[in-house]
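Each chain gets a letter, A, B and so on, in the order the sequences are listed, and its residues count up from 1.
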Amino acid sequence: MPELPEVETTVAGLRSVLEGTVLTRVEPRRADLRFPIPVDLRQRLTGATVTSLARRAKYGLIETDRGDTLIFHLGMSGRWRIDPAEIGAHDHLLLETSDGHLLSLNDPRRFGSLDLVRSDAWQAYAPFTRMGPEPLGPEFSAAYLARALQGKSTSIKAALLDQRIVSGLGNIYVCEALNMARISPTREAGRISRARLGLLTDAIREVLTAAIAAGGSTLRDYARPDGELGYFSKQWRVYGREGESCACGGVIRRRVDGGRSTFYCPKCQK
DNA sequence: ACACGATCCTGTAAGC
DNA sequence: TGCTTACAGGATCGTG
């Protein structure tokens, strides 16, 4: 489910419930997700006050007044549920707040992760150290992309999914941005003109910004007790639309590389 | 060094 | 209807 916009929306939803509250109960319900969950997580977080929440790439950060920051990744199927009606087999971490809310990290496939770092050193967290810039940040530009893609023989689609080049993009928004910029997903990454890289960076920013805005508009849904409603927009141009019409009039195709689907329009994406 | 496929796990939906 | 198969928004690891 979660790429950058979904994590951004999730963090905003969590912030409204968590910020300023005390974690009165912290209950990991299994020892690991993708990786082991720190054994002292309960002890370090119980009784702490949540001071702030933030996002880095597809990770959410929950900072406390004890100098610890809980870092979560939602993997493919993770989400936070607020005041769920019942706790099931896939609710892996429960947080109870001094306001009486119960939060649950639910992740059936368990590709997500949970970790605890010292707040003054979160930037040294291993997954962050080799990660490229935020696509919505000031460092991300056509000039940056040109430098990062220089000499790369891999496809532009694979390059944009590589978190070392730019962090936070996933399969959906890469497909969408490439369609918006009219660039073929199979085009060699190192051989795209600077002008087209400009269109691509614009498209990436535009699609992410629109998705965050749409997510924000459904925050109420996200925070519903059942948590069942999707919290991101499904206004996709090409993703999941094989056989349908592209805005240009062409027919959207699907191809699979490395087990992952790519949706694109062969008529307008060159 | 780089590029690519296999892999972790479960749920859902399509196909026979 | 029921069983089997394909596929899913991620990221890492091993191999060529």
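Here dC2(B) presents its P atom at 13 Å from CZ of Arg130(A), a figure rounded to the nearest Å. Spacing between atom CG of Asp107(A) and atom P of dG9(C) amounts to 15 Å, rounded to whole angstrom units. In this structure, Asp32(A) atom CG and dC9(B) atom P are separated by 9 Å, rounded to whole Å. Atom CZ of Phe35(A) and atom P of dA11(C) are 10 Å apart (whole Å). Nucleotide dC7(C) holds its P atom 13 Å from the CG atom of Asp257(A), rounded to whole Å. At whole-Å resolution of the value, NZ in Lys157(A) and P in dG5(B) are 12 Å apart. What separates CZ of Phe111(A) from P of dA6(B) is a distance of 15 Å, to the nearest Å. Between the OH atom of Tyr239(A) and the C1' atom of dG9(C) there is a distance of 6 Å, given to the nearest Å.
For the side-chain contact (heavy atoms from CB on, under 4.5 Å) test with Trp80(A), the passing option among Val11(A), Asp107(A), Val17(A), Leu93(A) is Leu93(A); the others fail.
A 3.5 Å limit on both hydrogen-bonding distances identifies dT15(C) as the Watson-Crick or G-U partner of dA3(B). With a cut-off of 3.5 Å on both Watson-Crick or G-U wobble distances, the partner of dT12(B) is given as dA6(C).
Distance from the side chain of Thr154(A) is smallest to dC4(B) among dG10(C), dC7(C), dC4(B). For Ser261(A), the listed nucleotide lying nearest its side chain is dC7(C); candidates were dA11(C), dC9(B), dC7(C). You'll find that the side chain of Arg34(A) is closest to dA11(C), out of dG9(C), dA11(C), dC9(B).
Shown here is Arg191(A), whose CZ atom has no more than 12 heavy atoms of other residues, nucleotides or ligands within 6.0 Å.
Under 3.5 Å, the side chain of Arg109(A) and the base of dC9(B) form at least one donor-acceptor pair of N or O atoms.
Dashed line: the shortest gap from a side-chain N or O of Lys58(A) to OP1 or OP2 of dG10(C) is under 4.0 Å. Of the side-chain N and O atoms in His90(A), none sit less than 4.0 angstrom from OP1 or OP2 of dT10(B). Side-chain nitrogen and oxygen atoms of Ser77(A) include none within less than 4.0 Å of the OP1 or OP2 phosphate oxygen of dG9(C). Applying the 4.0 Å criterion to OP1 and OP2 of dG10(C), one finds that Gln163(A) has every side-chain N and O outside that range. Contact between the side-chain N/O atoms of Arg79(A) and the OP1/OP2 oxygens of dG9(C) is not found at any separation under 4.0 Å. In terms of phosphate contacts, Arg110(A) brings no side-chain nitrogen or oxygen within less than 4.0 Å of OP1 or OP2 of dG10(C).
Comparing the P positions of dC7(C) and dG5(B) gives an interatomic distance of 15 Å, to the nearest angstrom. For the P atom pair drawn from dA6(B) and dA6(C), the interatomic distance equals 14 Å after rounding to whole Å.
Using a 4.0 Å heavy-atom distance criterion, Arg164(A) is classed as making no nucleic acid contact.
Side-chain contact check for Asp83(A) versus Leu103(A): every heavy-atom pair is 4.5 Å or farther apart.
Remark: aromatic rings of Tyr59(A) and Phe128(A) are close, center separation under 6.0 Å.
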For this session: Given salt bridge (charged side-chain N to carboxylate O under 4.0 Å, His left out), test Arg237(A) with Glu176(A) step by step and report yes or no.
Result: CA-CA 6 Å; Arg237(A) 300 165 61 109; Glu176(A) 294 296 296; 5.1 Å; no
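Taking 4.0 Å as the cut-off between side-chain N and carboxylate O, Asp68(A) and Arg118(A) count as a salt-bridged pair.
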